[in-house]
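In each ligand, atom 1 is the first atom listed, and ligand 1 is the first ligand listed.
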Amino acid sequence: MSAARGDVVDLRSDTVTRPTAGMRDAIARADVGDDMLDGDPTVQRLERRIADLLGKPAAAFFPSGIMANQTALLVLGTRGTEVICEAAAHIVDWELAGVAMNGGLQLRTVPTADGILTAELIEPAIRPHAAKLQVQTSLIAVENTHNAAGGRVMPLDAMRGVHQLARAHGLPVHLDGARLWHASAATGIAEADYAACADTVMVTLSKGLGCPVGSVLAGAAETIEHARVVRRRLGGAMRQAGILAAAGLYALEYHRDRLLQDHDRAQALGGLAATIEGLRVVEPETNIIMFDLTRPGTIAQDVLPKLAGHGVLMTEFTPTRIRAVLHMDVDDAGVERAASALREVLAG
Ligand SMILES: *Cc1c(COP(=O)(O)O)cnc(C)c1O
């Protein structure tokens, strides 16, 4: 990026945030230890805090959400079986076939109109245990909020339905809750209520909460004990990781309460963009907003560099759909700049 960062409204992802002064201070002051040898006290505090917040007995700190997802699927699944998930789930599109490479699992994808899996949609995909010649189902994975569906919230009722169905079939459920914080902010429903519908829950600290690194996997004590072994095997066991965990604890304290600002700004951007010709706004539910380019011949590949020329960065989602993600490093002025850039680029 040639322009100075301060001049750019970076809406490519909520991962682009940089630690605030307060967070850097918390990082600097963190009490640390070798997490593999004696345990790191700050990591342990973060793990306890998130386990409690999610209503699970235990939790483990991971370097990334992908590693925590992979670990959960390896721990809950059985090699040579399949995981049922939504067709545009993060584990399908963005984890480089990790569940196949690392876990010997295949994904049985269920297409949905809006990213929301329901028991009714999943049930036909579950293989009966009696069938000896067909691949077996070993677990169900859900995602809340659903990234590729534009940050859509999976309603608690849908999650409860999936959980009940899974139980009836003796199947565990993994919740990819990279943005579970946003689901809770949007609905007012506690993270623990969503988490109660799953055996393992992954939450990310490096997205909306503004941490530089880290995700946490929560679940039953034995499950998390096993997950720690898998984490080490994958090379994700860390040492004085308290400097990272300190950022997480800080974010839970000071950044979790402000997520609705990002949702409001996504709404505001949608409102400003709604009057732009050649653009259709996909109504945002949380901090992700999608725009469809409706004028024939107008494609994301042409629009994005022009937006960048105006100092506004977004990403291509499909050839005619662009995506913007609101986060704590974009303020109201940034939203206005993004809207005027869209207006100018689409007019010209
Ligand atoms: C970003 C994301 C992940 C992976 O997180 P990383 O920390 O980037 O590995 C997993 N699931 C969803 C839904 C995500 O948006």
Does Ile243 have more than 12 heavy atoms from other residues, nucleotides or ligands lying within 6.0 Å of its CD1?
no

For the pair Trp181 (side chain) and Glu191 (backbone), establish whether a donor and an acceptor sit closer than 3.5 Å, ignoring hydrogens and angles.
no

Just the distances, no angles: every ligand 1 N or O to protein N or O pair closer than 3.5 Å, one line each.
from: ligand 1; atom 1: 7 (O); to: Gly65; atom 2: N; distance (Å): 2.8
from: ligand 1; atom 1: 9 (O); to: Gly65; atom 2: N; distance (Å): 3.2
from: ligand 1; atom 1: 9 (O); to: Ile66; atom 2: N; distance (Å): 2.8
from: ligand 1; atom 1: 11 (N); to: Asp176; atom 2: OD1; distance (Å): 3.0
from: ligand 1; atom 1: 11 (N); to: Asp176; atom 2: OD2; distance (Å): 2.6
from: ligand 1; atom 1: 15 (O); to: Asn147; atom 2: ND2; distance (Å): 2.9
from: ligand 1; atom 1: 15 (O); to: Arg179; atom 2: NH1; distance (Å): 2.9
from: ligand 1; atom 1: 15 (O); to: Lys207; atom 2: NZ; distance (Å): 2.8

Could you list all the salt bridge (Lys or Arg N to Asp or Glu O under 4.0 Å) pairs where at least one residue sits in residues 61-86, not counting sequence neighbours?
Glu82-Arg108, Glu82-Arg127

Within the distance-only criterion (no hydrogens, no angle test), does the side chain of Asp35 pair as donor or acceptor with the backbone N or O of Asp40 below 3.5 angstrom?
yes

For residues 218-233, pull every pair meeting side-chain hydrogen bond (donor to acceptor under 3.5 Å, both in side chains), keeping only residues two or more places apart or in separate chains.
Glu47-Arg228

Kindly state each residue pair satisfying salt bridge (Lys or Arg N to Asp or Glu O under 4.0 Å) with at least one member in residues 267-290, sequence neighbours excluded.
Arg152-Glu285, Arg280-Asp292

